[in-house]
Amino acid sequence: MSLFLPKLCCKKDIDDVIKGVAEKVLVLRFGRDEDAVCLQLDEILSKTSHDLSNMASIYLVDVDKVPIYTRYFDINYIPSTVFFFNGQHMKVDYGSPDHTKFVGSFKTKQDFIDLIEVIYRGAMRGKLIVQSPIDPRNIPKFDLLYHGI
């Protein structure tokens, strides 16, 4: 659990933040406070939050407290990180089938900083999807299962 990052506990809080954060990348980390990988990611997020304060606002969301968004973003693995800009869901091409969220923890602080900078620059140019600057070897791989297809 990060003591330095704000937490969103209900759907209304998340809706207000998505609508209210302007001209910055909104970072929502979905996970659990007691999960080891979430703690690792929280450390990276909290250490970079000050450096990125002009470009990003970072919030933590407990997947158990907001099941409507957990289902909406199809969060099956934690931590999952979702990005917005001016209320618009930003997608990132990580070289995987899922462009809607980053699953797992970033390997380094610099990977996260680089990603936020690319999302910010792309969003300022009106793009809704950007290419990930992260080395593909540093992106966790998960098998996506599609039921009933």
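Note that these values count all heavy atoms, side chains included, but never hydrogens, waters or copies made by symmetry.
A side-chain donor-acceptor contact under 3.5 Å links N86 to the backbone of E23. Under a 3.5 Å cut-off, the side chain of K101 and the backbone N or O of F73 do form a donor-acceptor pair. Side-chain atoms of S80 do not come within 3.5 Å of backbone N or O of V103 as any donor-acceptor pair.
Rounding to the nearest 0.5 Å places CZ of R29 at 7.5 Å from CG of L45. Of the inter-residue distances, the one linking I129 atom CD1 with D93 atom CG reads 5.5 Å to the nearest 0.5 angstrom. Within the model, atoms CD1 of I58 and CG of L28 stand 10.5 Å from one another, a figure rounded to the nearest 0.5 Å. Rounding to the nearest 0.5 angstrom, the gap separating the CD1 atom in I116 from the CE atom in M90 is 10.0 Å. Note: F4 CZ to E43 CD = 11.0 Å, rounded to the nearest 0.5 Å. Remark: I18 CD1 to Y59 OH distance equals 11.0 Å, nearest 0.5 Å.
Cluster membership for I119 and V21, using ILVMFWY side-chain heavy atoms within less than 4.5 angstrom, is not shared. Tracing side-chain contacts under 4.5 Å through hydrophobic residues (I, L, V, M, F, W, Y), one reaches Y120 starting from F106; they form part of the same cluster. Cluster membership for I134 and V25, using ILVMFWY side-chain heavy atoms within less than 4.5 angstrom, is shared. In the hydrophobic clustering of ILVMFWY residues, with side-chain heavy atoms under 4.5 Å counting as a link, V82 and Y77 come out apart. Cluster membership for I75 and L26, using ILVMFWY side-chain heavy atoms within less than 4.5 angstrom, is shared.
Here the side chains of S49 and L5 are in contact, with some heavy-atom distance below 4.5 Å. Proximity of P6 to L60: side-chain heavy atoms (C-beta onward) are nowhere separated by under 4.5 Å. Residues P79 and V37 meet the side-chain proximity criterion, which asks for heavy atoms closer than 4.5 Å. You'll find the side chain of F30 stays beyond 4.5 Å of the side chain of I78, heavy atoms only. Between M55 and E117 the shortest side-chain heavy-atom distance falls below 4.5 Å.
One finds a salt bridge joining R32 and D64 here, because a Lys/Arg side-chain nitrogen approaches an Asp/Glu carboxylate oxygen to under 4.0 Å. Salt-bridge check for D13 with K7: failed, with every basic side-chain N at 4.0 Å or more from each acidic carboxylate O.
Each of I44, T108, L52 was checked for a side-chain contact (heavy atoms from CB on, under 4.5 Å) with I113, and the lone residue meeting it is L52.
A ring-centre distance under 6.0 Å is not found for F83 and H89.
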Should D15 and K19 be marked as a salt bridge (charged side-chain N to carboxylate O under 4.0 Å, His left out) after you check the CA-CA gap, both sets of side-chain angles, and the distance that decides it?
CA-CA 6 Å; D15 290 341; K19 292 174 190 170; 5.5 Å; no

May I have the step-by-step check of side-chain contact (heavy atoms from CB on, under 4.5 Å) for S57 and V27, ending in yes or no?
CA-CA 6 Å; S57 295; V27 180; over 6 Å; no

Checking Y69 against I14 for the side-chain contact (heavy atoms from CB on, under 4.5 Å) test, could you report, in this order, the C-alpha distance in whole Å, the side-chain angles of both residues, the deciding distance, and whether it holds?
CA-CA 9 Å; Y69 273 114; I14 296 171; 3.6 Å; yes

Determine, step by step, whether L128 and Q88 satisfy the side-chain contact (heavy atoms from CB on, under 4.5 Å) criterion, reporting the C-alpha distance in whole Å, the side-chain angles of both residues, the deciding distance to 0.1 Å, and the verdict.
CA-CA 8 Å; L128 298 178; Q88 188 73 33; 3.2 Å; yes

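Scanning all heavy atoms of the two residues, the minimum distance from H99 to Y94 falls at ND1-N, 4.2 Å. Scanning all heavy atoms of the two residues, the minimum distance from Q131 to V118 falls at O-CG1, 3.5 Å.
Within 6.0 Å of the NZ atom in K65, the count of heavy atoms belonging to other residues, nucleotides or ligands does not exceed 12.
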